[in-house]
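Here the structure comes first, spelled out in structure tokens, and everything after it is commentary.
Numbered from 1 within each chain, the chains take letters A, B, ... in sequence-line order.
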There are 2 protein chains.
Amino acid sequence: MGPPGSENWHAMLDGAEAILRDEGHAALTSRRIAEQIGVKQRLVYYYFRTMDDLVVEMFRRLSERELARLEEASRAALPLREIWDVCVDTTDARLVSEFMALAARIDGLAKEVIYFIEKSRAIQVETVRKAMAQSKRTFGLSAEALTMLATSVALALKREDELGVRSAHAETRALIQGMLEELEPA
Amino acid sequence: MGPPGSENWHAMLDGAEAILRDEGHAALTSRRIAEQIGVKQRLVYYYFRTMDDLVVEMFRRLSERELARLEEASRAALPLREIWDVCVDTTDARLVSEFMALAARIDGLAKEVIYFIEKSRAIQVETVRKAMAQSKRTFGLSAEALTMLATSVALALKREDELGVRSAHAETRALIQGMLEELEPA
DNA sequence: GTCTATACACCGATAGAC
DNA sequence: GTCTATCGGTGTATAGAC
């Protein structure tokens, strides 16, 4: 078995990510990954025992990056705005759809996805709670409910944006911006 | 080509829907559909020229049903509560993920998905607008923004529910129920 | 309309040389 | 570590008989 964290290991996951993002998981095959990074197919099975293992590792690496980004955002001067930007700008809705579909088939992936959602939600709720306490504005909402609303709508906006739908987006973005303005004055 | 709307045509789409829901789109093959309804594989290509065509027809039939259900809900005595129930109880988040992933690959499907989102949003926004006018409660929100919030969070709740995540759900459901109580007193 | 049979491509995974 | 070669299976789609 090839060493996790080695150059080829990362190159394969990079290639897999690009393929999943651009072509969908029907195209995510060991042959396609090998071609993408210029090695032979056999090598993929040297670094990852099975394709399912590769998918799980891909998500794990991605979610670790994403959690680190969230942690960093939560320590910024205006953490709420920073987290909103992470959710709405850097998150790839296409990848989310693909991983959700895959998670229904790969048990190990579902576990990782659950861990990621709960971990990121904890960070977000804590940040919202602090902002509410500091600004003394809650809009009559619990930190949990506001977090759930914001992350749900961020993903929906991104997903529809990628698809080409724009109805109700302007009004929704304006609402979020208004709340940010009150919770976290610039 | 087999006649659209015929018994076999519907049986094949029923089978396809069950497979997509239970096993995911990796298992959605002409062989599997034929086996499911007890015919030979060749017949699938008699009723649908290609597998992509079948997927598009499957979504079209499903979204027509869903729009009819929404229209009916919008004419109920308590339309907002009825629409919320449609979104949060009968919508299958697994199917949504699968179709979103497929839409990125099949152009014809993306067109149908866009049409469905815009059509259903129009119905929902109109219903919210009327409820706001009647109850004289707006929470400082536009009908568009409230609709977007509600549908986004409904899908997220359902998706996480199916996955086994529960954090922040109780608070979010309580919030929605509270708003329904004010906008549409029982 | 429904079938048998099949062409052809591509998949995951492994054996084993170097 | 990286390769060539290959096995067994399965996919879409079509030819053509009945």
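In this structure, the CZ atom of A:Arg31 is 9 Å from the P atom of C:dC10, given to the nearest Å.
Atom OH of B:Tyr115 has 12 or fewer heavy atoms from other residues, nucleotides or ligands within 6.0 Å.
Of all non-hydrogen atoms in A:Ala73 and A:Val86, the two that sit nearest each other are CB-CG2, 4.3 Å.
For residues 17-24 of chain B, proximity to DNA chain C is found at no residue, defined as any non-hydrogen atom under 4.0 angstrom from a strand atom. The stretch residues 32-48 of chain A comes close to DNA chain C through A:Gln41, A:Arg42, A:Tyr45, each having a heavy atom under 4.0 Å from the strand.
For the pair A:Leu80 and A:Met179, the minimum side-chain heavy-atom distance is 4.5 Å or more.
First and last contacting nucleotides of DNA chain D toward chain B (any atom under 4.0 angstrom from a heavy atom, 5' to 3' order): D:dG11 to D:dG16.
Ion pair B:Glu144/B:Arg121 not flagged as a salt bridge, since none of the NZ, NE, NH1 or NH2 atoms sits closer than 4.0 Å to an Asp/Glu carboxylate oxygen. For A:Arg61 and A:Asp14, the salt-bridge test passes: some basic side-chain N is under 4.0 Å from an acidic carboxylate O.
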Please tabulate, for side-chain N and O atoms in residues 28-35 of chain A, each donor-acceptor pair with protein atoms closer than 3.5 Å (sequence neighbours left out).
| from | atom 1 | to | atom 2 | distance (Å) |
| --- | --- | --- | --- | --- |
| A:Thr29 | OG1 | A:Arg32 | N | 3.1 |
| A:Ser30 | OG | A:Gln41 | NE2 | 3.0 |
| A:Ser30 | OG | A:Tyr45 | OH | 3.3 |
| A:Arg32 | NE | A:Glu23 | OE1 | 3.3 |
| A:Arg32 | NH1 | A:Glu35 | OE1 | 3.3 |
| A:Arg32 | NH1 | A:Gln36 | OE1 | 3.4 |
| A:Arg32 | NH2 | A:Glu23 | OE2 | 2.8 |

Can you list, pair by pair, the side-chain donor-acceptor contacts under 3.5 Å of residues 148-157 of chain B, counting residues two or more places apart and other chains?
| from | atom 1 | to | atom 2 | distance (Å) |
| --- | --- | --- | --- | --- |
| B:Thr151 | OG1 | B:Thr147 | O | 2.9 |
| B:Thr151 | OG1 | B:Met148 | O | 3.3 |
| B:Ser152 | OG | B:Met148 | O | 2.6 |

Step by step, work out the side chain to side chain contact (heavy atoms under 4.5 Å, CB included) result for A:Leu67 and A:Ser120.
CA-CA 6 Å; A:Leu67 285 176; A:Ser120 57; 3.8 Å; yes

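Pairs engaging residues 65-74 of chain A under the side chain to side chain donor-acceptor pair (under 3.5 Å) rule: A:Arg69-A:Thr90 [sequence neighbours left out].
In this structure a side-chain-to-backbone donor-acceptor pair under 3.5 Å is missing from A:Lys158 to A:Cys87.
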